[in-house]
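Excluded from the calculations below are hydrogen atoms, water molecules and symmetry mates; all remaining heavy atoms, backbone and side chain alike, are included. Start at 1 with the first residue, then count along the sequence.
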Amino acid sequence: MDFELSEEQRAFAHTAREFALAEFAPHAARWDAEAIFPKEAIAKAGELGFCGLYAPERVEGLALPRLDAALVFEEMAAVDPSTTAFITIHNMATWMLGTWGTPAVCERWGADLTSGRKLASYCLTEPGAGSDAGSLKTRAELKDGEYVINGNKAFISGAGSTDVLVLMARTGGGGAGGISAFAVPADAPGIAYGKKEHKMGWNSQPTRTISFDNVRVPAENLLGSEGEGFRIAMKGLDGGRINIATCSVGAAQGAFDAARRYLHDRQQFGKPLASFQALQFKLADMATELVAARQMVRLAASRLDAGHADASTYCAMAKRFATDAGFNVCNDALQLHGGYGYLGEFPLERLVRDTRVHQILEGTNEIMRVIVSRKLLEGDSDIR
């Protein structure tokens, strides 16, 4: 096993770090405080290829391995996990469209999505179908060469501010086998958006419900084949789980770096905080958890890139571990800052708020445990 990054990978990470420091760092606190969706900054990320990192070349994506994409996301999330997390969702939806879209769909949206000129939302969750995504009720019926869509989606990132919706809807009977995937224009007649949700974190990206009332899309907007939608959605989420885990690792690194600096700068009882053994041990534990989370995420990304039979299980394990560890590191970094960590003038309280939701979305960490334990109990897994 080679844990060293190549020169090309280091260059990707360096570019992402410099971009985030220049374009995100001066504005992230304001975007959070004023709930601003920074589409201009996201478009600048697109100019560097960051909006189509692993999308296929047929839509002008970079077609990078998931591991390389994770390096980019981690560096940006160290500065602004909320905005970076939306970019990862956009990457996931763009990859799905570019992989399973018809030539007409790819021609219409592909290059605009990978360049960041247009943005995509991923629409799976419904008011009554969260962890049990296979029970979704939004329906699409084929009539005269068009699919007519009716139903509702909830907790959709970017909703109301994006250009295309990668939507899962039921075209057949009950269960996962009756679900299909579609590319839907976000401004199609019959689509209505709910209010922008007031959230604990992730304030630089809007979250809304979406309702579909006899929304018509051409049959060519079907992604893959009828009945293939749930499989497509889950393949998207394998990468999505690596992405959100990476955002937790990045945020934790940003919080850790801030805490390490603070321990040197802050003095109490006549000496710097860095001289107190209890705080030294806390920092050591934080570093250990952070490195372990990073390596687990990179292992899962490598498994996914290699098409490993248990890749989905590794993605679930990485998502569970890294999002828990990342939140804990951010929370510990806040504690090390004392009262100052609770103030908006420091980034710690924002990092804590933004990383908390990572334990819920892309499949809750409880569902990640279900995925892992189910695979282990099958008896034929090679998890070790």
For [X] and [Y], test the side chains for any donor-to-acceptor distance below 3.5 angstrom and give the result as yes or no.
X      : Y      : answer
Gln359 : Arg320 : no
Asn365 : Thr323 : yes
Lys39  : Ser161 : no
Thr355 : Ser248 : no

Can you tell whether the side chains of [X] and [Y] come within less than 4.0 Å, N to carboxylate O?
X      : Y      : answer
Arg353 : Glu349 : yes
Glu226 : Arg170 : no
Asp305 : Arg66  : no
Arg369 : Asp324 : yes
Glu378 : Lys375 : yes

Do other residues, nucleotides or ligands put more than 12 heavy atoms under 6.0 Å from the [atom1] atom of [X]?
X      : atom1 : result
Arg117 : CZ    : yes
Tyr340 : OH    : no
Glu107 : CD    : no
Gln335 : CD    : no
Phe155 : CZ    : no
Glu57  : CD    : no

Gap separating the [atom1] atom of [X] from the [atom2] atom of [Y], nearest 0.5 angstrom:
X      : Y      : atom1 : atom2 : answer
Thr125 : Glu362 : OG1   : CD    : 8.5 Å
Leu119 : Ile89  : CG    : CD1   : 11.5 Å
Phe3   : Arg298 : CZ    : CZ    : 10.5 Å
Ser225 : Trp100 : OG    : CH2   : 11.5 Å
Cys315 : Arg241 : SG    : CZ    : 8.0 Å
Leu336 : Arg260 : CG    : CZ    : 12.5 Å

Contact between [X] and [Y] at the side-chain level, heavy atoms closer than 4.5 Å - yes or no?
X      : Y      : result
Phe230 : Met168 : no
Asp354 : Phe327 : no
Ser115 : Glu60  : no
Thr102 : Leu222 : no
Val357 : Met200 : no
Phe73  : Thr88  : yes
Lys319 : His358 : no
Ile210 : Cys123 : yes

For Lys235 and Glu228, what are the C-alpha separation, side-chain angles and deciding distance, and is it a salt bridge (Lys or Arg N to Asp or Glu O under 4.0 Å)? CA-CA 11 Å; Lys235 282 187 172 293; Glu228 197 180 3; over 6 Å; no
Steps toward salt bridge (Lys or Arg N to Asp or Glu O under 4.0 Å) verdict (Glu146, Arg216): CA-CA 6 Å; Glu146 292 182 314; Arg216 293 179 174 272; 3.3 Å; yes
Between [X] (side chain only) and [Y] (backbone N and O only), is there a donor and an acceptor less than 3.5 Å apart?
X      : Y      : answer
Arg266 : Leu273 : no
Ser275 : Lys271 : no
Asp163 : Ala120 : no
Asp68  : Leu64  : no
Gln9   : Ser6   : yes
Arg17  : Met76  : no
Asp80  : Thr83  : yes
Ser121 : Ser157 : yes
Arg30  : Ala35  : no
Thr207 : Glu197 : no

I would like to know whether Arg10 and Glu4 meet salt bridge (Lys or Arg N to Asp or Glu O under 4.0 Å); could you show each step before the answer? CA-CA 10 Å; Arg10 292 182 185 278; Glu4 293 301 316; 3.1 Å; yes
Between Tyr262 and His337, what is the ring plane arrangement, given parallel below 30°, perpendicular above 60°, and tilted in between?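 The rings of Tyr262 and His337 lie parallel, inter-plane angle below 30°.
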Starting from the C-alpha separation in whole Å, work towards a yes-or-no answer on side chain to side chain donor-acceptor pair (under 3.5 Å) for Asn243 and Tyr54. CA-CA 11 Å; Asn243 292 347; Tyr54 54 91; 3.1 Å; yes
How close do [X] and [Y] get, heavy atom to heavy atom, and via which atoms?
X      : Y      : answer
Ala85  : Ile244 : CB-CD1, 4.0 Å
Val297 : Ala322 : CG2-CB, 3.6 Å
Pro56  : Ala63  : CA-CB, 4.4 Å
Ala186 : Val164 : CB-N, 3.9 Å

Which of these passes side chain to side chain contact (heavy atoms under 4.5 Å, CB included) with Leu124: Thr138, Ile179, Leu136, Ile156?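 That would be Leu136; it is the only one of Thr138, Ile179, Leu136, Ile156 passing the side chain to side chain contact (heavy atoms under 4.5 Å, CB included) with Leu124.
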Looking at Ile191, Leu167, Leu165, which one forms a side chain to side chain contact (heavy atoms under 4.5 Å, CB included) with Ile149?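 Going through the options one by one, the only one that passes is Leu167.
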Report the C-alpha distance between Lys282 and Asp285 in whole Å, list the side-chain angles of each, state the deciding distance to 0.1 Å, and finish with yes or no for salt bridge (Lys or Arg N to Asp or Glu O under 4.0 Å). CA-CA 5 Å; Lys282 172 60 71 176; Asp285 286 344; 5.7 Å; no
